[in-house]
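One structure is given here, and the rest of the page talks about it.
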Amino acid sequence: MYDTILLPTDGSAGIERVVDHAGELARVHDATIQALYVVDATSFTGLPMETSWDGVRQVLESEGETALEGVQRLAPDDVAVEAETVEGTPSTEIVRYTRDQPVDVVVMGTHGRGGIDRLLLGSVAERVVRKSAVPVVTVPVSEGAVESDEVVEADADPAAGVESS
């Protein structure tokens with residue numbers, strides 16, 4: 001059913017749970033994990049003008065290499081892992097990747113933020129779920145998300161909130 005599992009990573013804490021889930025899916029389906037890191041240049045738009053973009057890019061690319069190495073290190077030994085870095089806005093690039101590459105499913109972490117935090121911060125996972133060309137499995141990465149009793153209701157109308165792209 002699944003040949004390629006896309007696992008977007010930003011190197012944040014809790015990725016172990018996501019890699020464990022993707023690794024088990026990969027084992028069951030004899031699939032490859034495609035780890036993806038998005039260099040998010042927009043996160044540094046507030047830097048002073050004299051800051052060198054080359055220096056910022058090197059830092060971001062280094063963070064990406066570390067994040068991708070983490071996925072490779074955490075993945076089961078019997079599962080193939082490929083790694084790629086792209087540049088752009090994370091949710092946009094992840095969705096683009098699902099459309100442009102032979103990806104069967106996305107397995108990604110979610111921090112489980114709710115209420116005003118999600119409204120103000122946005123949610124990469126939520127945007128990917130809404131726009132992905134393939135199924136998306138979200139894995140809670142924070143303890144609060146796992147232990148929370150909060151119930152989140154899905155939209156009654158499956159087309160609600162879906163934007164055309």
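Annotation: side chain of M1 is not in contact with side chain of D104 (no heavy-atom distance under 4.5 Å). Under the 4.5 Å side-chain criterion, counting only non-hydrogen atoms from C-beta, L7 is in contact with I15. At a threshold of 4.5 Å between non-hydrogen side-chain atoms, the residues V106 and P135 do not count as touching. You'll find the side chain of I33 stays beyond 4.5 Å of the side chain of E82, heavy atoms only. Residues V141 and T110 are not in side-chain contact: their nearest non-hydrogen atoms beyond the backbone lie 4.5 Å or more apart. Using a 4.5 Å heavy-atom cutoff, the side chains of K131 and S91 are not in contact. Contact check for V71 versus V81: side-chain heavy atoms found under the 4.5 Å cut-off. Under the 4.5 Å side-chain criterion, counting only non-hydrogen atoms from C-beta, V136 is not in contact with V105.
Just one residue in the list L6, D3, I94, I5 forms a side chain to side chain contact (heavy atoms under 4.5 Å, CB included) with V103, and that residue is L6.
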Verdict with reasoning, E87 to V38, per side-chain contact (heavy atoms from CB on, under 4.5 Å): CA-CA 5 Å; E87 186 175 321; V38 180; over 6 Å; no

Chi angles and distances behind the side-chain contact (heavy atoms from CB on, under 4.5 Å) call for E16, V18: CA-CA 5 Å; E16 297 87 6; V18 181; over 6 Å; no

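In terms of heavy atoms, Q72 sits closest to A83 at NE2-CB, 3.8 Å. Minimum heavy-atom separation, V79 to A31: CG1-O, 4.1 Å. Listed here is the closest heavy atom pair of A125 and T138: CB-CG2, 4.3 Å. Residue R27 comes nearest to P76 through the heavy atom pair NH2-CB, 3.2 Å, listed as atom of the first residue, atom of the second, then distance.
Note on R130 versus E126: salt bridge recorded, some NZ/NE/NH1/NH2 to OD/OE distance being below 4.0 Å.
Here the straight-line distance linking atom CZ of R73 with atom OG1 of T66 works out to 10.0 Å at 0.5 Å rounding. A distance of 5.0 Å separates CD in E63 from OH in Y37, rounded to the nearest 0.5 Å. Here CE of M108 is found 8.5 Å from CG of D10. Values are rounded to the nearest 0.5 Å. Distance check, rounded to the nearest 0.5 Å: CD of Q101 to CD of E84 gives 6.0 Å. Considering CG of L36 and OG1 of T85, their distance stands at 7.5 Å, rounded to 0.5 Å.
Under a 3.5 Å cut-off, the side chain of T98 and the backbone N or O of V95 do form a donor-acceptor pair. With hydrogens and angles disregarded, a donor-acceptor distance shorter than 3.5 Å links the side chain of T9 to the backbone of G11.
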